[in-house]
S.K.: 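To start, I am sharing the structure in question, which I have written as structure tokens.
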Amino acid sequence: MIKFSSYVSFILVTALIGVSMVACDSLPSLGEEEEAEPLEIGTLLDYTGDLGVYGKPMRNGAELAVTLLNDSGMNVVAVHKDSGTDAKVASDAARALQAAGVSGIVGSLSSGVTTAVAESVTIPGGTVLVSPASTAPSISVIEDNDLLFRSTVSDAAQGSVLGKLADELGYKKVGILYVNNPYGDGLQNIFTANFSGTVQAVPHEGELSTYMSEVTKATEGGVDALIAMSYPGSAQVYIREALEGGFADTFMFVDGTKSQDMLDSLGANNFEGMYGTAPGAPPSDAKNTFEELYEARFGEVPSDPFLGETFDAFVMIALATEKCLHDGGDDANCDGAGVAAAMRDVSNAPGTKVGPGDLANAVELIRSGEDIDFEGVAGSQEIDDNGDVLNSIEIWTVKGGKIESTNRFEAP
């Protein structure tokens with residue numbers, strides 16, 4: 001029989017061991033670290049409004065960037081908002097992204113919307129904004145505290161290439177319908193300066209039920225071609241009116257009207273052999289890798305513009321934030337100016353060239369304190385003093401009812 005005193009001692013020791021085990025279980029093991037908060041990057045893309053047809057494929061480009069960055073050892077989350085092709089909608093969405101503490105924002109599409117968001121929200125709030133699609137030349141000269149960037153080339157290039165293409169096609173007189181905002185106005189001005197013939201340029205407002213008055217003015221006296229410098233929603237209306245009314249049967253297109261959905265709705269056979277321009281890069285390892293990965297995840301790569309530019313913008317913000325955090329340590333301010341300061345560090349020479357297929361190497365090099373030079377899907381992505389990149393313009397055509405590249409990539 002166990003003595004009472006020995007039994008009490010046994011119970012006390014057992015209880016103490018149990019308490020000790022519980023206490024140990026409640027503490028982290030040696031060397032265990034609390035997982036860091038994910039890096040949040042916002043997107044401000046169009047799912048509704050005049051440019052709504054472009055939003056989903058561009059979002060896919062951003063989501064592909066998230067996957068590759070996380071596979072490379074980062075912890076990144078995309079926070080998506082609808083820009084709505086509307087300055088107020090986009091500005092409210094940008095404020096929500098700012099309040100959520102995103103490291104930077106990819107967006108918007110419309111140059112007028114991007115300008116409004118930058119001037120009223122992101123510049124005053126100290127947030128980096130990288131547009132993958134806003135091409136108006138006016139964006140280059142915004143007083144932005146070096147917080148506004150583009151991963152797409154300015155229309156200073158597209159307007160020049162388009163003007164020379166119209167000359168090459170033998171056009172002597174063209175009509176232009178252009179959306180009445182910084183994008184349309186800037187593009188038609190540069191086209192007119194580079195086209196040797198006569199231009200009848202007429203502005204229009206977005207998303208009206210009819211543009212008959214504008215179509216009549218732009219084609220008065222007959223034109224060799226009508227150029228659609230607009231967005232798919234509104235262009236679809238006036239191109240249909242031009243066709244059905246016999247005002248024009250030959251058209252030229254730009255990045256804003258490079259939409260297979262729009263052409264299909266109008267009868268793509270009506271545009272066989274016609275041409276357009278858009279920012280676009282020639283084949284490269286980066287572009288080929290992106291297209292292979294996109295197709296594997298989302299299916300066929302659409303002919304819509306700005307998919308690669310969206311991917312590039314997202315990756316550059318992520319790598320710039322990683323660079324900022326590495327260089328600044330725990331006290332780094334990597335929510336605005338710090339990210340902006342690192343944008344050129346990760347995108348410009350000198351440095352080890354990296355692309356979509358080797359982001360793990362890019363992250364490792366940054367964490368080792370070495371320089372990288374990100375070579376994007378949309379081109380080299382060398383950022384100049386204005387936050388712009390100088391990449392090429394693709395000439396595309398309609399063949400067999402489908403948008404296809406002519407494999408001509410030009411710069412002014």
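If you read the sequence from its start, that first residue is 1, and numbering goes on from there. These numbers were taken from a predicted model, which means no experiment stands behind them.
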S.K.: Can you name the nearest heavy-atom pair linking Met58 to Pro132, along with the distance?
M.R.: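 Shortest heavy-atom separation between Met58 and Pro132 comes out as CE-CG, 3.7 Å.
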S.K.: Determine whether Val223 and Gln200 satisfy the following criterion, side chain to side chain contact (heavy atoms under 4.5 Å, CB included), listing intermediate values before the conclusion.
M.R.: CA-CA 9 Å; Val223 294; Gln200 292 178 170; 4.1 Å; yes
S.K.: Are the side chains of Pro282 and Ser392 in touch, meaning some heavy atoms are under 4.5 Å apart?
M.R.: yes
S.K.: Show your reasoning for whether salt bridge (Lys or Arg N to Asp or Glu O under 4.0 Å) applies to Lys353 and Asp373.
M.R.: CA-CA 5 Å; Lys353 292 188 182 299; Asp373 177 8; 3.0 Å; yes
S.K.: Are a donor atom and an acceptor atom from the side chains of Asp50 and Thr85 found within less than 3.5 Å of each other?
M.R.: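 Distance-only check fails for Asp50 and Thr85.
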S.K.: On a heavy-atom basis, which atom in Gly206 and which in Tyr211 lie closest, and how many Å separate them?
M.R.: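 Smallest heavy-atom distance, with atoms named: C-OH, 3.5 Å.
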S.K.: Given Gln381 and Ser347, is the side-chain hydrogen bond (donor to acceptor under 3.5 Å, both in side chains) satisfied, shown in steps?
M.R.: CA-CA 6 Å; Gln381 300 300 11; Ser347 301; over 6 Å; no
S.K.: Under a plain distance cut-off of 3.5 Å, with no hydrogens placed, do Ser405 and Glu394 share a side-chain donor-acceptor pair?
M.R.: yes
S.K.: Quick one: do the Glu272 and Asn269 side chains pair a donor with an acceptor below 3.5 Å?
M.R.: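 The answer is no; no qualifying pair exists.
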S.K.: Answer whether the closest heavy-atom distance between the side chains of Ser265 and Arg240 falls below 4.5 Å.
M.R.: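 Ser265 reaches Arg240 side chain to side chain.
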S.K.: Could you verify whether a donor N or O on one side chain and an acceptor N or O on the other, from Thr406 and Tyr275, lie under 3.5 Å apart?
M.R.: no
S.K.: For the backbone of Lys81 and the side chain of Tyr47, can you confirm whether one donor and one acceptor N or O come within less than 3.5 Å of each other?
M.R.: no
S.K.: Mind listing the closest non-hydrogen atom pair of Leu44 and Ile105 along with its distance?
M.R.: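 Taking every non-hydrogen atom into account, CB-CG2, 4.0 Å.
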S.K.: Can you list the residues that meet the ring-ring contact (aromatic ring centres under 6.0 Å, His included) rule with Phe251, with sequence neighbours excluded?
M.R.: Phe271
S.K.: Are the side chains of Tyr238 and Ser230 in contact, using a 4.5 Å heavy-atom criterion?
M.R.: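 When only atoms from C-beta onward are counted, Tyr238 and Ser230 do touch, with a gap below 4.5 Å.
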S.K.: Should the pair Phe195 and Phe191 be assigned to parallel (<30°), tilted (30 to 60°) or perpendicular (>60°) ring geometry?
M.R.: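 Rings of Phe195 and Phe191: parallel, as their planes differ by under 30°.
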S.K.: Do Tyr54 and Pro302 touch side chain to side chain, with heavy atoms closer than 4.5 Å?
M.R.: no
S.K.: For the residue pair Ser140 and Arg150, confirm or rule out a side-chain donor-acceptor distance under 3.5 Å.
M.R.: yes
S.K.: With heavy-atom distances below 4.5 Å as the criterion, would you say the side chains of Asp384 and Leu390 are in contact?
M.R.: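 With C-beta onward as the side chain, the pair stays apart.
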S.K.: If you count the non-hydrogen atoms of other residues, nucleotides and ligands that lie under 6.0 Å from CG in Asn180, is the total more than 12?
M.R.: yes
S.K.: Within the distance-only criterion (no hydrogens, no angle test), does the side chain of Glu382 pair as donor or acceptor with the backbone N or O of Ala349 below 3.5 angstrom?
M.R.: yes
S.K.: Suppose we call two aromatic rings close when their centres sit under 6.0 Å apart. Are Tyr231 and Tyr183 close by that rule?
M.R.: yes
S.K.: Could you pull out the closest heavy-atom pair between Ser380 and Glu375, with the gap in Å?
M.R.: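 Looking at all heavy atoms of both residues, the shortest contact is O-OE2, 3.8 Å.
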